[in-house]
Amino acid sequence: MRISVTLIAFFLLLLSCSKEGGEESYIPIPETIPVKVTYDPTPLAFDIPSNFPELTYDINSNPPTEAGFALGKRLFYEGKLSSTGVISCGECHRQEFAFTHHTHIVSHGVDGALGTRNSPPTQNLAFMKEFNWDGAAALLDMQPIIPITAPVEMNETFASILKKLKNDPVYPDLFAKAFKNGAIDTENMLKALSQFMLLMISADSKYDKYIRNEGGVTLNEQEKAGHALFNAKCATCHSGELFTNQTYKNNGLPIDPEYNDMGRAAVSGKTEDNQKFKVPSLRNIELTLPYMHDGRFGTLEEVLDHYSSGVVDSPSLDPLLKQEDGTLGIPLTASEKTELLAFLKTLTDNDFALDKRFSEF
């Protein structure tokens, strides 16, 4: 079908009418009548907790705004991002469980399809270098592409999504308010999702308040013992205030024959990366069960039992799990496990899990 020169000129004229921040713009919406909208660049405060590292996300390339955050939040909970119109990002990332798929061993996608990995939390992503269990996404803006297009997750194309959003009575105004060019396109959609996720900072646990000396909060004796034990036996991998060194490790899990998941090797192509997965953050670990990349453990007790007596040897097993006497794993007594569990529960941030800024309704 040919498009007339007159029609093209009309749309170019509309584009040329766009004015900068706070003033009215006229944005052409394909297949709809152009809508009168207003761009609103009101910034959102983005404060880095005093005990946190520097950002890895380039905040200057996509500074959060009130309108951008609101659009990203709506998109995060929008079923139109899936082929069935039902599965949203929020389906597998539920706030009350620190944005994980609580009790679901692996992610659940369209038409009841099952993925192969447990949904990781979406907290503190502004400080992460790579994303997903295998690091397949190097940029936060690009990460949503993977679940959106995965057949067993959201099973959708961006061309289809954009068409649905353009014909929705709400989204043309939301995009025009959030972005200067008002375009309903892939770049703006992904940037809006990032703005929402950037604000998901979890840094108000009992541990944080203790470390920052806030409100007279202190750890009890069992928690202090667990903290010391954690620093001695766990903090090499679960290091820093993010509680991850953001590397990839083989922690001695036997391969699940149902998935035969080789982890990082599928991305790097290196055999030495077989069975290596990203070291997860332990923040809110009390809320994010089940555990490991495939959700095989339902309790933290099972996790500690694995490290003390369940590690399986393989060529890529992390050397830290090989003791000088030839035994595998991390030696832990029953009392040490109890102390570790007490400390790990100090990483729970209930304020984050209940923060209405991130809730769907």
Side-chain angles (χ1 to χ4, degrees), residues 35 37-47 55 57 59 61-82 85-102 107 119-128 131 137 139-148 153-154 156 158 161-162 164-204 284 287 349-361:
V35 180
V37 293
T38 301
Y39 168 56
D40 182 3
T42 304
L44 266 181
F46 190 89
D47 299 320
L55 292 175
Y57 188 87
I59 201 76
S61 69
N62 186 27
T65 64
E66 291 182 359
F69 177 88
L71 172 58
K73 177 178 177 178
R74 189 177 183 100
L75 289 169
F76 188 85
Y77 292 109
E78 177 58 78
K80 288 185 175 70
L81 271 58
S82 68
V86 175
I87 303 297
S88 68
C89 302
E91 178 68 22
C92 288
H93 300 282
R94 302 192 179 190
Q95 182 183 5
E96 62 267 37
F97 307 115
F99 292 96
T100 58
H101 208 179
H102 184 64
S107 60
S119 300
T122 57
Q123 64 201 9
N124 300 330
L125 298 183
F127 306 92
M128 298 296 174
F131 306 90
L139 297 171
L140 179 58
D141 291 357
M142 300 294 104
Q143 191 283 329
I145 295 173
I146 297 173
I148 286 173
E153 294 189 60
M154 300 170 82
E156 188 54 293
F158 278 85
I161 291 170
L162 296 177
K164 286 185 281 188
L165 297 181
K166 288 173 182 178
N167 288 293
D168 185 281
V170 174
Y171 281 107
D173 282 348
L174 291 178
F175 273 86
K177 191 175 183 180
F179 294 101
K180 194 172 182 178
N181 64 6
I184 300 180
D185 59 20
T186 302
E187 179 181 2
N188 285 345
M189 175 184 155
L190 293 172
K191 281 188 172 182
L193 283 168
S194 285
Q195 287 190 37
F196 178 61
M197 291 187 286
L198 285 173
L199 270 291
M200 290 183 182
I201 297 178
S202 179
D204 283 318
N284 293 306
L287 305 177
D349 182 356
N350 289 313
D351 291 339
F352 174 72
L354 299 173
D355 194 328
K356 292 187 181 299
R357 291 178 301 164
F358 308 124
S359 60
E360 183 173 6
F361 302 107

Shortest non-hydrogen separation from D47 to I201 and the atoms involved: O-CD1, 3.9 Å
By side-chain hydrogen bond (donor to acceptor under 3.5 Å, both in side chains) - contacts of Q123 (at least two apart): N284
Test side chain to side chain contact (heavy atoms under 4.5 Å, CB included) applied to E187 - qualifying residues, sequence neighbours left out: D185, K191
From CA spacing to verdict: side-chain contact (heavy atoms from CB on, under 4.5 Å), L190, I145: CA-CA 8 Å; L190 293 172; I145 295 173; 4.1 Å; yes
Qualifying residues under ring pair (Phe, Tyr, Trp, His ring centres under 6.0 Å), relative to F352, sequence neighbours excluded: F99, F358
Distance (rounded to the nearest 0.5 Å) between L125 CG and M197 CE: 6.5 Å
Closest non-hydrogen atom pair, P120 against T100: C-CG2, 4.0 Å
Residue pair L140 / P144: nearest heavy atoms and the distance that separates them: O-CD, 3.3 Å
Any donor-acceptor N/O pair, H93 side chain to S88 backbone, under 3.5 Å: no
Partner set under side-chain hydrogen bond (donor to acceptor under 3.5 Å, both in side chains) for N350, not counting sequence neighbours: none
Nearest-0.5 Å distance, CG of residue L162 to NZ of residue K80: 13.5 Å
Pairwise salt bridge (Lys or Arg N to Asp or Glu O under 4.0 Å) hits with a residue in residues 195-204, at least two apart: D204-R212
Closest non-hydrogen atom pair between Q95 and L354, with its separation: NE2-C, 3.7 Å
Partners passing side chain to side chain contact (heavy atoms under 4.5 Å, CB included) against A353 (at least two apart in sequence or in another chain): L287
Any residue meeting side-chain hydrogen bond (donor to acceptor under 3.5 Å, both in side chains) with E156, in chain and number order, not counting sequence neighbours: S160, K164
Residues N181, N188; criterion side-chain contact (heavy atoms from CB on, under 4.5 Å); working and verdict: CA-CA 9 Å; N181 64 6; N188 285 345; 3.0 Å; yes
Results of side chain to side chain contact (heavy atoms under 4.5 Å, CB included) for I59 - residues two or more places apart only: F46, L55, Y57, P64, L198
Atom of I184, atom of P172 and distance for their closest heavy-atom approach: CD1-CA, 3.7 Å
CA sep, side-chain torsions, deciding dist, call: F131, I146, side-chain contact (heavy atoms from CB on, under 4.5 Å): CA-CA 10 Å; F131 306 90; I146 297 173; over 6 Å; no
Donor-acceptor contact below 3.5 Å, side chain Q195 vs main chain N62: no
Listed partners of E360 passing side chain to side chain contact (heavy atoms under 4.5 Å, CB included), at least two apart: Y77
Rounded distance [0.5 Å steps], CE in M189 versus CD1 in I161: 4.0 Å
Approximate separation, where rounding is to 0.5 Å, of S202 OG and D349 CG: 3.5 Å
List the atom pairs, donor and acceptor, that lie under 3.5 Å between side-chain atoms in residues 68-76 and the rest of the protein, sequence neighbours left out.
unit_1	atom_1	unit_2	atom_2	d
K73	NZ	R357	O	3.2
K73	NZ	S359	O	2.9

Stepwise side-chain contact (heavy atoms from CB on, under 4.5 Å) test for C89 and M154: CA-CA 8 Å; C89 302; M154 300 170 82; 4.3 Å; yes
Exam field: side chain D40 to backbone K177, donor-acceptor pair closer than 3.5 Å: no
